[in-house]
Amino acid sequence: MILRARYVAPVDGPVIDDGFVAAEGGRIVEVGPWKKPRTTTGETLDYGDAVIVPGFVNAHTHLDLSDLGGKVPPGADLIDWLSRLMKLRSAMTVDETTVAEAVRLGVEQSLASGVTTVGDVTSSPDWTRPMLARSYLRSVSYGEVIAIGQRRGLLERRLAAALSRDWAAPRVRVGVSPHSPYTVEPAAMKRCGEEAEKHLASVCVHLLESPHEEEFARLASGPLREYLVGLKVWDERVAAADCDPVELLRRSGLLNSRLLLAHVNYVSDAQIALLGECGVSIAYCPRTHAAFGHPPHRCADMLARGMSVCIGTDSLASNPSLSVLDELRHVRRAHPEISPETLLRMGTLHGAKALGFGEEVGTLSPRRWADMTVVPIEPKSVKDPLAAIFSGKLPPLASYVAGKRVHPAESADAR
Ligand SMILES: [Zn+2]
């Protein structure tokens, strides 16, 4: 299998003019300026005015909420939005059929937008994972743990479901997501840390998403306490962590390179420094961040410290699409100080590393899986092809996973 285009952006090296990528057995065997490949035979598919990039990595999403598009519009208040989301969710029928359909929709949208790997948080791993296992997406499926107040008793069951290997598949790995410091009590957070360590599992936590999280962690008070009271989840046994949220994770044994933090919208210099030292990855969710009107994200400061900042879309409940390319286009406008090369790394290799796939995908280099996305560019006036794809509007022409075209589906050619 050989793909050719006006540009190839391998991520681990400079952009190649008139380049090609050749794959065999699902893995890349050659990348370079166009010539007849030595190592593989077969027809060359020439995409012309386009850039071949590694498949995009959506490091933070909730595919099982893909049926909520447009139903819970984000506003200026995150807690109000969470309350509306929970209310809607509890009024809906949520069963195996509806979850499977939501995940199917999310998988389809992801592949169509050039995303080939996801970090997917699910509250129902038994229903989500079979759909992921059947799909072409590569994934870490983080089983969500919520264990606080009236939901304290869910801890062990949720942890076991998260780390169950029943549905693990070649492209599906399991992880655990203790949801956040305001939905998982300090003792439960510690249990999650112990189990994650025992299984060497990937972990995802929503952290510092709200300006009120610090107060809640220190004192178990403030608007997040009121939110839990409103949900009838709060009880008097809920204990404060008595420290800031980052310190809570440190005490829980979670601050290491297997940890991915979603959002991190309200973070101090000292917290950034500690997270950086511990090799923690950060999933910045650009359009969700913008929709809630948070202050500017500190992704550029984190990148300057050498931290692995990757891209998440969060769910369709708060975001118009599951396209990492569209997220990067947003970041290009919001953070013009970040170079197009860095943007591409954020959307590919950084996400792959965050999910533990850093040696397998995320760059176009020999021996890695041939996961690729072809992004069209305007035929004329392209001096910087990466700047062109991030200032453009066009969706990808095609997505490939392990050398197989997964969007448009190969069977579409027959129609
Ligand atoms: Zn999330």
Side-chain angles (χ1 to χ4, degrees), residues 57-69 71-75 77-86 88-89 94 99 102-103 105-107 109-110 115 117-125 128 132 137 139-148 158 162 175-184 189 192 202-213 216 224 227 245 249 254 259-267 280-292 294 297 299 309-324 327 330 351 354-355:
V57 179
N58 184 355
H60 181 70
T61 187
H62 304 252
L63 297 179
D64 59 8
L65 301 180
S66 298
D67 53 343
L68 295 184
K71 292 184 181 161
V72 204
D77 187 331
L78 176 68
I79 297 176
D80 170 62
W81 179 81
L82 282 169
S83 303
R84 284 186 282 127
L85 176 68
M86 299 306 284
L88 174 72
R89 210 62 186 148
V94 179
V99 168
V103 175
L105 204 71
V107 167
Q109 273 208 23
S110 299
V115 168
T117 301
V118 295
D120 181 48
V121 177
T122 176
S123 52
S124 40
T128 299
L132 289 173
L137 277 183
S139 58
V140 173
S141 170
Y142 296 99
E144 188 166 78
V145 174
I146 288 182
I148 195 164
R158 288 287 189 99
V176 59
S177 176
H179 174 264
S180 73
Y182 62 88
T183 48
V184 179
M189 194 65 91
C192 291
S202 296
V203 179
C204 175
V205 179
H206 293 78
L207 201 86
L208 297 170
E209 183 176 8
S210 155
H212 306 296
E213 198 173 304
F216 186 85
L224 285 165
Y227 164 68
L249 297 187
L254 286 164
L259 178 64
L260 169 64
L261 296 178
H263 305 295
V264 196
N265 299 328
Y266 297 87
V267 63
V280 173
S281 294
I282 308 294
Y284 167 33
C285 301
R287 286 180 299 168
T288 293
H289 174 276
F292 287 108
H294 298 301
H297 195 273
C299 54
V309 180
C310 49
I311 296 293
T313 60
D314 223 347
S315 76
L316 286 180
S318 61
N319 207 31
S321 79
L322 300 175
S323 168
V324 166
E327 295 292 335
H330 175 92
L355 301 177

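Ligands are counted one by one from 1 in listed order, and the atoms in each one are counted from 1 as well.
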**Report entry** Pairwise distance CG(L63) to OG(S315) - rounded to 0.5 angstrom
**Finding:** 9.5 Å
**Report entry** Atom of D314 nearest the Zn ion (ligand 1) (restricted to N/O/S, atom name only)
**Finding:** OD1
Query raised in the report: Taking the six-membered ring for Trp, are the ring centroids of H206 and H62 within less than 6.0 Å of each other?
Result: yes
Report task. Starting from the Zn ion (ligand 1), look over the N/O/S atoms of H206 and name the nearest one. Result -> NE2
Query raised in the report: Within the distance-only criterion (no hydrogens, no angle test), does the side chain of D64 pair as donor or acceptor with the backbone N or O of T122 below 3.5 angstrom?
Result: no
Query raised in the report: Mind checking whether the Zn ion (ligand 1) has an N, O or S of H62 under 2.8 Å?
Result: yes
Query - side-chain hydrogen bond (donor to acceptor under 3.5 Å, both in side chains) partner of E327, chosen from T313, T288, N319 - result: N319
